[in-house]
Amino acid sequence: MTIRTDVIIAVVCAPRWDLAAQIVWRATVKRGAEPPFRDDAWFQRLVQMTDHSKSRHACASMAEKLHKHDDLVVCWSLLAIDPQDPVGLPDLLLTIGTAVDGLDFHDHPELLPRFAVMRDVARGKYVGEFGSLFHLASTHKNRKQQPSAASEAGDRAMTAEHHHALQTLLQNRWSDVFGMLFAPTEAFVGQARLQPLLDAAGDRKLTCEKIHALVETLYQTGTPATGDLALAWLMLTADPREPGSFLPVMPQLQFLLDNTELDERAEAELRPRIHSWWLAMEGAFIHSDVSIFRLADPDNLKTFRDSPADVDPDFEAVPDFGALHRNTPARPALPVGPTLVVMPEKLATRLNNFHAAFKPLVDKAMPLVVARDLVEIRNTLHAEYPHAQAAVDLVLRDLREGQPVTLKPMILVGSPGSGKSRLVRRLGELLKTFVYRFDAAASGDNHFAGTSKAWSNTEPSVPARAVAQSLTANPIVMVDEIDKAAERTNTGNLWHALTPFLERETSSRYRDQSLDAQMNISMLSFIATANDDSRLPAPLRDRFRVVRVPLPTAAHLPELAALVMKDLTTQDESRAYDDPLASDELDVIGRAWARAGFSLRKLQKIIQATLEARDQHAPRH
Amino acid sequence: MTKMKAIQKQLQREIQSYTRGGVPIPLELLQAPRIDYWVAEVRRRGQEFVLVVAGDVVKHPDMDDGASIQTSAVVWWDRHNRFFRTVNRLYVLGLKAGITGGVRQ
C-alpha cells in the first residue's frame with residue numbers, strides 16, 4: 001500500500017502549526033470530503049482556538065473520520081500531537097518514513113532535519129519547551145542540519161583530559177573508574193539515579209544491568225558530555241571473559257582516540273592500553289580472573305614484586321568484581337593480585353636433586369590469598385559453631401577484607417570433640433587458603449624445622465613444604481594436638497623447633513637449613529590445637545594467642561543436630577531424603593549426648609545410630 | 001579532495017549525533033544496507049586493530065543482494081545491536097550468524 005506524499009511533505013515542512021493546518025484543510029476540501037468537513041467556519045474556529053488541547057482533540061477526531069485517505073489521516077494526526085506528551089508520534093513518524101522512502105530529498109532540503117527534530121520530540125527530548133511540534137522543528141532544525149560552528153569548535157577543543165572515556169582507559173582499577181565517573185555523572189542525573197548502582201555493589205551481573213540502565217539515561221540526556229560519560233560507563237561492562245561485551249565499546253573508543261588531538265605523552269600512554277583492550281576483544285584473556293583495567297595496566301606484573309623483608313602492609317584488593325564471588329582457585333595463572341617473593345634467589349644456594357619441588361619457588365612472586373566475604377564467613381562459622389561464637393570471632397579478628405590472609409599464631413584449646421581441628425579446616429576452606437596439617441603427636445624430635453642439607457635424605461621445614469605444596473605465600477600451618485608432642489629434648493623437640501616461626505621478625509628472614517635459602521614466611525599462619533595448654537613451655541605459650549573452644553551444651557543440640565544431619569546427607573546420598581529428626585528423637589539423642597560429655601564426635605555417632613535404628617524399624621513394602 | 005572532506009565531515013557529524021544519544025531516523029535505517037548472518041571480527045591493520053563485520057548483504061549500493069562481504073572499519077556500534085556505522089556507510093544488522101538457520105559457522 002502506498003501513500004500520497006505531497007501533502008505529508010508539505011505538512012512536515014510547514015514552519016507553524018496554523019500553516020500546517022491550513023495545508024491539510026485545503027487538501028481535505030480538495031479531496032471532496034463529506035460536507036460537514038467542508039465547513040470553512042469550522043476551520044476558522046479551529047485555528048482561532050486558544051485552548052490547544054481542544055484544537056488537538058478536534059484534529060484527532062478529524063483524522064478518525066477521514067479513514068479513506070491515509071495521507072490525510074497521518075497529517076491530521078500529526079496536528080493532534082502534543083509535544084509535551086507525544087503519544088503515537090513514533091508510529092506516525094515510522095509511517096511517514098516508509099512513505100517518503102526512496103524520494104529525492106534535494107527538492108525538500110528541510111524534510112530530513114525537521115524529521116530528525118520530530119524524532120527527538122517523540123523521544124521526549126523537548127519536554128518542557130514551549131511551542132507546537134512544527135514550531136519546535138523550525139527552532140531546532142538548524143542544529144540537526146549542521147552543528148553550529150561554536151559546538152564544532154567545542155568538540156575539537158576537547159582534549160584527552162576532558163574525555164571521560166579516554167581518562168577511563170588510563171585507569172588501572174575497575175573501582176577507580178567507578179569512583180572517577182561517579183561525581184560527574186551525579187551532576188547530570190542526580191544522586192537518586194545512581195543509588196541502584198551503589199546498592200548493586202558486589203554483584204557483577206546486577207551491576208552491569210544497572211550500568212546499562214544508566215547508560216540509557218545518559219544517552220537520553222543527549223549532550224556530547226553525557227554521551228562521553230555513557231561510553232565510559234559502558235567500558236566498565238566490558239568483561240575479558242565475554243569478548244562480545246567489547247562490541248559497543250571498541251569501535252567508538254578507537255574513533256574517539258583517533259579523532260582527539262593528543263600530545264605525544266598521551267599517545268604513548270593510551271595506544272598500548274587500547275591495544276590490550278583489542279586483544280581482550282579478540283579473546284586473548286578469556287580465562288582471566290581480573291578486570292580489563294588490570295590487564296591493560298602496563299606494569300601489572302611488577303606491581304607487587306617487593307623486597308621480601310618489607311611487605312607493603314596496605315595491600316590492595318584484587319579489583320575484579322567477578323573474582324570475588326567465584327571460587328577462585330588458589331593458583332591463579334598470572335600473579336596479578338598481591339604477591340610475595342618467598343625465596344629470593346640472591347639469598348639462596350643451588351638446590352640439589354631432593355629439592356626439585358622447590359625450584360619453581362626461587363625468585364618467583366607467589367600469590368597471596370586475599371580474604372574475601374569475611375562477613376559471610378563469620379556468619380557461616382557462627383552457624384556451624386553456635387557454642388563457640390566468641391572463639392570464632394577471636395580467630396577471625398586479624399583478618400581484613402581485601403587483604404592477604406594472615407593470622408597471628410594462635411592455639412585453640414578445648415576438650416576432645418569440641419570441633420577444634422574441624423574449625424581450622426573449615427576456616428581454610430572458607431578463606432580458600434591451603435591448610436597444611438602437621439600431627440604433633442607423631443613428632444618426637446625437631447623434624448618440623450627440617451633436616452640439614454648435609455644429610456642425604458634432607459628434608460625442608462614444614463612451612464617451606466606448605467608453601468611449595470600450596471604455591472601460595474600464605475598457607476595455614478596447623479599443628480594438631482601440640483600438647484601431645486614428646487617432651488624429651490635429646491633429638492630436639494617440636495616446641496623448640498616451632499619458636500622461630502612464630503615471631504614476625506625472625507620468620508621474615510627464616511633460613512631453611514635443608515634448602516640453605518633465606519625465606520620470607522612471615523605471611524604464613526600458624527594455628528595449633530591442644531586439649532590442655534598447661535603442659536606447654538611458657539616461652540611457646542606466650543607466643544600464641546590462646547583461644548578457648550568450649551564444649552556445646554544441651555541448648556545447642558537442635559542446631560548442631562541439624563548440621564550433623566546435613567553432613568551425613570552429603571557423605572551418604574541414600575540419606576538425602578531422610579526425614580528431619582523428630583522432637584522425641586532429639587530428646588533421646590540429647591540424653592545420650594549428655595552422658596557422652598557433649599563431644600561433637602559423639603553427637604555424630606549418636607545421630608548416625610539413631611538413623612540406622614530408624615532404618616531398621618522402617619515399614620517395608 | 002573536497003568530496004573526501006565532505007564524507008569525512010558527514011561521518012564526524014553522525015558520530016557526534018550518536019554520541020548525543022541519537023540514532024539514525026527510520027528512513028535512514030530503511031535505506032541502509034542490511035547484513036545477515038553477520039560475524040564481528042577483530043583484524044590487525046599494522047600496529048592498529050579494527051573491527052570489521054562479515055556477512056551477507058542486501059540493499060548495498062555497490063553489491064548484488066546476497067553477496068558475502070566484509071565491511072570496512074566499524075567506527076560506531078549500536079549497544080543494542082541494531083546498526084553500525086563504518087567509515088563509509090551505515091549498515092543495519094540482520095540475523096546474527098549461528099543463531100538461526102546456522103548458515104555460517
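Quick note on labels: first sequence line is chain A, next is B, and so on, each numbered from 1. Values in this document were obtained by computation on a predicted structure and should not be read as measured data.
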**OP:** Decide if atom NE2 of A:H287 counts as having more than 12 heavy atoms of other residues, nucleotides or ligands within a radius under 6.0 Å.
**Re:** no

Subject >> Inter-residue atom distance A:Q252.CD - B:D78.CG, 0.5 Å rounding >> reply: 8.5 Å

Subject >> Flag if over 12 foreign heavy atoms under 6.0 Å of NZ, A:K205 >> reply: no

**OP:** Please flag which part of B:E48 lies under 4.5 Å from any non-hydrogen atom of chain A: side chain, backbone, both or neither.
**Re:** side chain

Original post:
Where the side chain of A:Q220 meets the backbone of B:G21, is there a donor-acceptor pair that is under 3.5 Å apart?
Top reply: no

Original post:
Does any heavy atom of chain A fall under 4.5 Å from the side chain of B:R85, the backbone, both, or neither of them?
Top reply: neither

Subject >> Considering all heavy atoms, the nearest A:P224-B:T19 contact >> reply: O-CG2, 3.9 Å

**OP:** Might you work through the side chain to side chain contact (heavy atoms under 4.5 Å, CB included) test for B:R79 and A:Y219, ending with a clear yes or no?
**Re:** CA-CA 11 Å; B:R79 60 196 179 283; A:Y219 272 128; 3.1 Å; yes

**OP:** Considering only heavy atoms and a distance below 4.5 Å, find which of A:P90, A:G227, A:G222, A:G97 pairs most often with chain B.
**Re:** A:G222

Original post:
For the residue pair B:L11 and A:F255, what are the closest heavy atoms and their distance?
Top reply: CD2-CE1, 3.8 Å

Original post:
Would you say B:V75 and A:P251 make side-chain contact, with heavy atoms under 4.5 Å?
Top reply: no

**OP:** Side-chain contact test, heavy atoms from C-beta onward, threshold under 4.5 Å: evaluate it for A:E282 versus B:R43 and give yes or no.
**Re:** no

Subject >> Proximity breakdown for B:F84 and chain A, heavy-atom pairs closer than 4.5 Å >> reply: neither

Subject >> For B:R20 against A:T223, the heavy-atom pair lying closest together >> reply: CG-C, 3.7 Å

Original post:
Which bit of B:I15 comes within less than 4.5 Å of chain A, counting heavy atoms only: side chain, backbone, both or neither?
Top reply: side chain

Original post:
Considering residues, nucleotides and ligands other than A:R273, do more than 12 of their heavy atoms fall under 6.0 Å from its CZ?
Top reply: yes

Subject >> chain A interface, residue from B:E41, B:R44, B:Q47 that has the most non-hydrogen pairs under 4.5 Å >> reply: B:R44

Original post:
Just by distance, do the side chain of A:R119 and the backbone of B:V23 share a donor-acceptor pair under 3.5 Å?
Top reply: yes

**OP:** Let me see the working for A:L279 and B:F49 under side chain to side chain contact (heavy atoms under 4.5 Å, CB included), right down to the final yes or no.
**Re:** CA-CA 9 Å; A:L279 285 175; B:F49 289 79; 4.0 Å; yes

Subject >> Closest-packed option against chain B by number of heavy-atom pairs under 4.5 Å, given A:N259, A:I274, A:I96 >> reply: A:N259

**OP:** Using a 4.5 Å cut-off on heavy atoms from C-beta on, say whether the side chain of A:W278 contacts that of B:L51.
**Re:** yes

Subject >> Proximity breakdown for B:V50 and chain A, heavy-atom pairs closer than 4.5 Å >> reply: backbone

Original post:
Given side chains that start at C-beta, do those of B:W76 and A:P248 come closer than 4.5 Å, heavy atoms only?
Top reply: no

Original post:
Above 12 or not: heavy atoms from other molecules or residues under 6.0 Å from CG of B:D64?
Top reply: no

Original post:
Around atom CD of A:E264, are there more than 12 heavy atoms of other residues, nucleotides or ligands at under 6.0 Å?
Top reply: no

